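In what follows, a single structure is set out as structure tokens and then discussed.
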There are 2 protein chains.
Amino acid sequence: MSDVADYLETRPLTPTAAAVPIVSISALTGAVMSPQAKQAGLAAPDAKRAGVPCSSCAMHSFCMPEGLTSAEAERIEALICPSRTIRNGETLFRTGDSFQSLYAVRAGSFKTIVMHRDGREQVTGFHQAGDMLGLDGVCSGHHSCDAVAIEDSQVCIIPFHLLEAMCRDVKVVQQHVHRMMGGEIVREATLMMLLGTMSAEQRVATFLLNLSGKLQKRGYSPAEFHLRMTREEIGSYLGMKLETVSRMLSKFQKDGLVDTHGKQIRILDMDGLRRV
Amino acid sequence: MSDVADYLETRPLTPTAAAVPIVSISALTGAVMSPQAKQAGLAAPDAKRAGVPCSSCAMHSFCMPEGLTSAEAERIEALICPSRTIRNGETLFRTGDSFQSLYAVRAGSFKTIVMHRDGREQVTGFHQAGDMLGLDGVCSGHHSCDAVAIEDSQVCIIPFHLLEAMCRDVKVVQQHVHRMMGGEIVREATLMMLLGTMSAEQRVATFLLNLSGKLQKRGYSPAEFHLRMTREEIGSYLGMKLETVSRMLSKFQKDGLVDTHGKQIRILDMDGLRRV
DNA sequence: CGAGTAGTTGATTACGTTCAATCTTCGTGG
DNA sequence: CCACGAAGATTGAACGTAATCAACTACTCG
């Protein structure tokens, strides 16, 4: 439910960080389970050790605090369990599951959904490489949403009790965790604003702009990208029906703001979208 | 933006805590400013020292972690600045203000609002005695919403850097802070669900039920209470117009679910409301 | 290549907004 | 204490946006 990277908006982004291409899932190799993964009771049978250490991971700048000593950086690396592969449509965790770990998305994309008792569900967030998942479980010790992969994905597993322990020793880690949680709070408040005050047209425009900004921070083109989610998932996220999403995209097309071909999106007039 | 008490839902509530009446603002006495308040640069000229120490504050069970040693409890008390009085309509902090402290509502009520650039604003939360305010600033170091008193109120000021320091030393304090932040994340996700999937009727019903539950946890009658906010503020919070709020309340009245006289509310059929 | 899923577009309906008039409550000052 | 004015709340009528229902098209994948 969280965007680790959001709080970076308020910090300068290094040019190198923005230019690094995202690691593809096929570039990640598999290996054996670590003792910590067993201890946390979380790594699935298909858990695999990523060949890439944090220090050389492209998402490094999104997950890790700055200003660590090399000893501290090593301690964090030791704390992180082997990454786990989640195939398209599979769930990383479900509502009610015991909360043990946070998950940093290393590659791929997820949606988080909450289910109403009457069966209706709503998408509460989309999460790409560099985002953090699982903070919803911190409060009660149980997850309060489902996290489902919307393409083949890979996550790093961070046992929360170990992270908490490290927070007690290393101030920058503590502040990093607080900022991640705080960022999630702000992100959700912004979304409440969107759901509470904007028209369907404005919501879709805002959605595209937010996604664009997020991709830009990761070194991708902000103007041309591929949607990982369906119209229905977008609609659920934005509090409207899929037909309405489709209509709004068609309208933007007609107005010359974007160029859509199914899931392929090209933003032609960024300012025009902002003015909607 | 936070409800400290929400996470207590998952923990047993002691009968005594539920039975304690809420301290009235008139019961609080004033005194001088502490060195810490000056240091934090936050206490307003009208800051007053609450005569009541945390240990005998009625809201104690909502703000404080359990299982502290007496030395730790003393340290927390020393850390908390003199409380500050905020009159109806005054703001505790504004968007963009530098984030220095959290605020525990000791008496009264607040709303938090976010402002869109086009001037429209939305209420993102209501906060009563026992709730925590200010977590929105943790991420960026600046507040991302305004907190406005909707009746004469009093808050305890908790300098965040001191709280962070204590989190590093005392595990239960750390977990308490994490749970507060996590609780806020879950609260907002629930609200997103409400805004994204529910009809106006269901939203108003849910609002009344949530408020009722919150009051019950504080030892008040869950069936009969006084709304502190206007229809317009409720509407803004629920993503609808004040007229719609009014119509829904009238409808509930007609259906025999509630009895409303202006801001005085009596819930006649709790289950009926839940079934809406 | 065919089945099934995802997406687009049109027609109709319904819910909530908008605009407006009226009523109530509450705070202020004569 | 009551009168007055302002702000808040209620109710009605007309309107508009997005939902619903439905038909059709375009992809994707065994």
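So you know, we letter chains A, B, ... as the sequences are listed, proteins then strands, and number each from 1. In this text the structure is predicted, and so the values were computed from the model without any measurement. Any value given below was found using the heavy atoms of this structure, including those in side chains, with hydrogens, waters and symmetry copies removed.
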Handout entry: Residue whose closest nucleotide on DNA chain C lies nearer the 5' end, A/Ser250 versus B/Glu243
Key = A/Ser250
Problem - Check: B/Tyr103 ring centroid to B/Phe110 ring centroid under 6.0 Å - result: no
[X] [atom1] - [N] [atom2] separation (whole Å):
X: A/Glu201; N: D/dT17; atom1: CD; atom2: P; answer: 10 Å
X: A/Met240; N: C/dG7; atom1: CE; atom2: C1'; answer: 16 Å
X: A/Met229; N: C/dG7; atom1: CE; atom2: P; answer: 11 Å
X: A/Leu249; N: C/dA6; atom1: CG; atom2: C1'; answer: 13 Å
X: B/Asp152; N: C/dG27; atom1: CG; atom2: C1'; answer: 14 Å
X: A/Leu242; N: C/dT5; atom1: CG; atom2: C1'; answer: 12 Å
X: B/Lys241; N: D/dG8; atom1: NZ; atom2: P; answer: 15 Å
X: A/Met248; N: C/dT8; atom1: CE; atom2: P; answer: 13 Å

Handout entry: Within-4.5 Å side-chain heavy-atom neighbours: B/Ile265 and B/His261
Key = no
Problem - Side chain to side chain, B/Arg231 and B/Leu249, heavy atoms closer than 4.5 Å - result: yes
Problem - base_contact_polar (D/dT17 base, A/Arg203 side chain, donor-acceptor, <3.5 Å) - result: no
Handout entry: Donor-acceptor pair under 3.5 Å, B/Arg247 side chain vs C/dT18 base
Key = yes
Practice task
Examine distances only and state if a side-chain atom of B/Asp255 and a backbone atom of B/Phe252 form a donor-acceptor pair shorter than 3.5 Å.
Solution key: no
Handout entry: Donor-acceptor contact below 3.5 Å, side chain B/Ser109 vs main chain B/Ile150
Key = no
Exercise for the section: Answer yes or no: does a side-chain N or O of A/Lys263 lie under 4.0 Å from OP1 or OP2 of C/dA6? Expected result: no
Exercise for the section: Compare the minimum distances between each of C/dA6, C/dT17, D/dT11 and the side chain of B/Thr244, then state the nucleotide with the smallest one. Expected result: C/dT17
Exercise for the section: State which of D/dT10, C/dA6, C/dT8 makes the closest approach to the side chain of A/Arg231. Expected result: C/dT8
